[in-house]
Amino acid sequence: MNGYAAFLKKELAENLKNYRFLILFAVFLIFGLTSPFLARLMPEILAAVDADMQMGSAPAALDAWEQFYKNISGVGFSALIILFGSCMSGEYSRGTLALLVTKGLSRRAVIFAKYTVAAILMTACYWAGFLAAYCYTAYLWPDTTLSHVFTAAFYLWLIGFLYLSILLLGCVIFKQTFTSILFTGGIVAIISLLGIVEPLTKFNPLLLTSKNAELISGAASVAEFFMPAVIAIAITMISLWLATILFDGKQL
């Protein structure tokens, strides 16, 4: 694809310059550090709020991971969508894409370069947060051994790619940042609602965001995550394909 490498470097430099990466890195790292900390201090927090309020059992490493996955799948990925929601709108408003395309830049190079950079930055931030949570949890509960910790994290990581592909599709369809973010939220909401339908529940990709702690605790098996992961990857690829097709015919 003409200009892919050059546009990729431009996107990386831009995302570092506008602090998008630093903000996202800080969000994920904070969740990685605070999730075990809050899980450990939860009994004291509850006691401070209400003297009669107590936890049913002492905090454990599993509580830290439950907190981590809840924070990342909720606020963490929401921050990801908000931060990258303007990845195309700024180009539209400045008219830079029209200029670059007329000079020979492939439209598909634009889509794949933007997605590649977003995916790289998301990956770096996500695994930095995970590593912080892993080390701090191991420090607070040194004698605890949990199964499939990295496997559960891997499946949640796939959802980040899914969200980015849907967001990029929205950014191609709509020129406004808010509308692109709203589109992403709407598609995710539809996928979530489809999970209510019993025959589709076990195939819903958002299962990868809700049963991570169960996988670690042994209440869920790795096999339960296979089909949702396959469908998440399929939706990601379809979204990117649609984004390239629609962008090819879009007036810049």
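What you see is a predicted model; the values in this text were computed from it and never measured.
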ask   = Which residue pairs satisfy the side-chain hydrogen bond (donor to acceptor under 3.5 Å, both in side chains) criterion with at least one member in residues 116-133, sequence neighbours excluded?
value = Tyr4-Thr116, Thr123-Trp157
task = Answer yes or no: are there more than 12 heavy-atom neighbours, outside Lys70 itself, under 6.0 Å from its atom NZ?
result = no
message = Quick test of your reading: applying side-chain hydrogen bond (donor to acceptor under 3.5 Å, both in side chains), list the pairs with at least one residue in residues 188-215, sequence neighbours left out, ordered by first then second residue.
response = Lys211-Glu224
task = Linking directly or through intermediates, with side-chain heavy atoms under 4.5 Å: list the remaining ILVMFWY members grouped with Ile196, chain and number order.
result = Leu193
ask   = Rounded to the nearest 0.5 Å, how far apart are CG of Leu140 and CZ of Phe37?
value = 9.0 Å
Residue pairs, two or more places apart or on separate chains, that pass side-chain hydrogen bond (donor to acceptor under 3.5 Å, both in side chains) and touch residues 18-31 = Asn15-Arg20, Arg20-Ser86
key: Contact summary for Ile159 and Pro205, nearest pair of heavy atoms   = CD1-O, 3.3 Å
inquiry  = Could you walk me through whether Phe150 and Phe130 satisfy the ring pair (Phe, Tyr, Trp, His ring centres under 6.0 Å) test, starting with their C-alpha distance in whole Å, then the side-chain angles of each, then the deciding distance to 0.1 Å, before giving a yes or no?
reply    = CA-CA 9 Å; Phe150 286 95; Phe130 171 81; 5.1 Å; yes
remark   = Residues passing the salt bridge (Lys or Arg N to Asp or Glu O under 4.0 Å) test with Glu11, sequence neighbours excluded, are Lys114
note = Residues pairing under ring-ring contact (aromatic ring centres under 6.0 Å, His included) where one sits in residues 212-244, two or more places apart or in two chains, turn out to be Tyr155-Phe225
remark   = Applying side-chain hydrogen bond (donor to acceptor under 3.5 Å, both in side chains) to Thr177 and not counting sequence neighbours gives Ser89
request  = Would you list the pairs meeting salt bridge (Lys or Arg N to Asp or Glu O under 4.0 Å) in which at least one residue belongs to residues 233-246, sequence neighbours left out?
outcome  = none
ask   = So which heavy atom on Leu24 is nearest to which on Met122, and how close?
value = CD2-CA, 4.3 Å
query = Taking only residues two or more places apart in sequence, or in another chain, which ones meet Tyr115 in a ring-ring contact (aromatic ring centres under 6.0 Å, His included)?
reply = none
request  = Measure the CG-CG distance between Leu38 and Leu33 for me, rounded to the nearest 0.5 Å.
outcome  = 11.0 Å
inquiry  = With a 4.5 Å cut-off on side-chain heavy-atom distances among I, L, V, M, F, W and Y, is there a chain of contacts connecting Leu168 to Ile245?
reply    = yes
key: Residues in side-chain hydrogen bond (donor to acceptor under 3.5 Å, both in side chains) contact with Lys9, at least two apart in sequence or another chain   = none
inquiry  = So which atom in Leu169 and which in Ala243 form the shortest heavy-atom distance, rounded to 0.1 Å?
reply    = CD1-N, 3.7 Å
key: Atom CE of Met237 with >12 non-hydrogen neighbours under 6.0 angstrom   = no
query = Which ILVMFWY residues are connected to Phe178, directly or by a chain of links, through side-chain heavy atoms under 4.5 Å apart?
reply = Leu182
note = Shortest non-hydrogen pair, Ala133 vs Phe68, comes out as CB-CD1, 3.8 Å
Separation between CD1 of Ile82 and OG1 of Thr184, rounded to the nearest 0.5 Å = 10.5 Å
key: side-chain hydrogen bond (donor to acceptor under 3.5 Å, both in side chains) involving Ser165 - partner list, sequence neighbours excluded   = none
